[in-house]
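Here the structure is laid out as structure tokens; the discussion comes afterwards.
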Amino acid sequence: LAPGGNSGNPIYDFFLGRELNPRICSFDFKYFCELRPGLIGWVLINLALLMQEAELRGSPSLAMWLVNGFQLLYVGDALWHEEAVLTTMDIIRDGFGFMLAFGDLAWVPFTYSLQAQFLLYHPEPLGLPLASVICLIKAVGYYIFRGANSQKNTFRKNPSDPRVADLETISTATGRRLLVSGWWGMVRHPNYLGDLIMALAWSLPCGVSHLLPYFYLLYFTALLVHREARDEQQCLQKYGLAWHAYCRRVPYRIVPYIY
Ligand SMILES: NC(=O)C1=CN([C@@H]2O[C@H](COP(=O)(O)OP(=O)(O)OC[C@H]3O[C@@H](n4cnc5c(N)ncnc54)[C@H](OP(=O)(O)O)[C@@H]3O)[C@@H](O)[C@H]2O)C=CC1
Ligand SMILES: CC(C)=CCC[C@@H](C)[C@H]1CC=C2C3=C(CC[C@@]21C)[C@@]1(C)CC[C@H](O)C(C)(C)[C@@H]1CC3
């Protein structure tokens, strides 16, 4: 059973999920749903919108190409680094309840494709100079997101890997060590920072005339702030004093000098 989804309150438990890894033989429903139907569905919806735009206006707009390309890269990255999802709190702690079932299967494909849906009905002229700036923002976000996630995953798999062996660490009572230099010495969740910068780059091709394309950025900020607080609590439980030492050493959570 999932640690969080067995509070005794049936509504809360239904939302978070009582069973941690519902399976039939070796088929794990949560693992499958987290990565396959929703993410692939999102890319297919985006592609359908791109094709519909081509049909309506002769060819897809530059803004539509950017949104499709950026989000395809994000989904491709998630599938390429598939094993990394096994260490996320969704897989380790959360049950497969309404939140993840609905989130994975409906929320992700239909709301994460909002920018492409918006562009179909509100075409946005985008010049090359602005498009280049947006690509640069996406590249910076991806560089931080991938760099931070890969550094942690490499370190967790093999701390003596030459790519991470020189990084400074703090020892914990569990025997695991916490990185305190490199990406994880900049803020306590550098991967969230990169993800948020990428989210901004997905919205910018839609212009600033409407709030709708920024829905993902706003929702995602709230989700990550909440997620960071949950992770913080779990790390405090797991690592105790060592976590306090890490927080003193790296005081900012997501955005350096701000939050
Ligand atoms: N697009 C979307 O809708 C969403 C995207 N995401 C993305 O998913 C990715 C994974 O996020 P998430 O699972 O929340 O969390 P993280 O990948 O940040 O993992 C947090 C865990 O990493 C370990 N850790 C924390 N600090 C350190 C450190 N200094 N050194 C070594 N290990 C450390 C701890 O686990 P332990 O010590 O046990 O290894 C901690 O519990 C992120 O890039 C996030 O942006 C997340 C949610 C939604
Ligand atoms: C409002 C509501 C019902 C929210 C549910 C939250 C879920 C949509 C998200 C919780 C964690 C997620 C992750 C991804 C997608 C969104 C959900 C399911 C993820 C698969 C996206 C791609 C990333 O590279 C990732 C694999 C790290 C990520 C994992 C967490």
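Every heavy atom of this structure was used, including side-chain atoms; hydrogens, water molecules and symmetry mates were not. Remember, it's 1-based here, ligands and their atoms both numbered in the order they're listed. In this chain, residues are counted from 1 in sequence order.
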Quick check on H189 - does any of its heavy atoms sit under 4.0 Å from an atom of ligand 1?
yes
Go through ligand 1 atom by atom and flag the ones less than 4.0 Å from a non-hydrogen atom of F220.
1 (N), 2 (C), 3 (O), 4 (C), 5 (C), 48 (C)
So, R163 side chain and T154 main chain: donor-acceptor pair closer than 3.5 Å or not?
no
With sequence neighbours left out, what residues match D104 under side chain to side chain donor-acceptor pair (under 3.5 Å)?
none
Quick one: does Y219 get within less than 4.0 Å of ligand 2, heavy atoms only?
yes
Please verify whether a non-hydrogen atom of H81 lies at under 4.0 Å from ligand 2.
no
Crowding at CG, L241 (>12 non-hydrogen neighbours, <6.0 Å):
no
What are the two closest heavy atoms between M64 and L120, and how far apart are they?
CE-N, 4.3 Å
Heavy-atom contact check, 4.0 Å cutoff: does D77 meet ligand 2?
no
Measure from atom 36 (P) of ligand 1 to every heavy atom in R176, M89, H81 and give the option owning the shortest one.
R176
Could you tell me whether R36 and E82 have a side-chain N and a carboxylate O separated by less than 4.0 Å?
yes
Nearest option to atom 13 (C) of ligand 2, as decided by whichever heavy atom of H226, R36, R146, E34 sits closest
E34
Using a 4.0 Å heavy-atom cut-off, which part of Y112 comes near ligand 2: side chain, backbone, both, or neither?
side chain
Does F155 reach ligand 1, in the sense of a heavy atom lying below 4.0 Å from it?
no
Ligand 1 to L179 polar contact by distance, N or O atoms, under 3.5 Å:
yes
I'd like to know if W183 contacts ligand 1, where contact means a heavy-atom distance under 4.0 Å to any ligand atom.
no
Are the aromatic ring centres of Y74 and W202 under 6.0 angstrom apart?
yes
May I ask you to check if ligand 1 and W243 share an N or O to N or O distance below 3.5 Å?
no
4.0 Å heavy-atom contact, T87 with ligand 1:
no
Can N153 and H81 be counted as having a side-chain donor-acceptor contact under 3.5 angstrom?
no
Looking at Y259, I'd like to know if its OH atom is crowded, meaning that more than 12 non-hydrogen atoms belonging to other residues, nucleotides or ligands lie closer than 6.0 Å.
yes
Can you tell me if E228 contacts ligand 1 (heavy atom of the residue under 4.0 Å from the ligand)?
no
Could you check whether atom 8 (O) of ligand 1 has a protein contact, counting only heavy atoms that fall below 4.0 angstrom?
no
Tell me, please, which residues at least two apart from R230 pass salt bridge (charged side-chain N to carboxylate O under 4.0 Å, His left out).
D94
Backbone, side chain, both or neither: what part of V75 comes under 4.0 angstrom of ligand 2, heavy atoms only?
neither
Main-chain N/O of G185 paired to S181 side chain as donor or acceptor, under 3.5 Å:
no
Geometry only, no angles: is D90 polar-contacting ligand 1 at N/O separations under 3.5 Å?
no
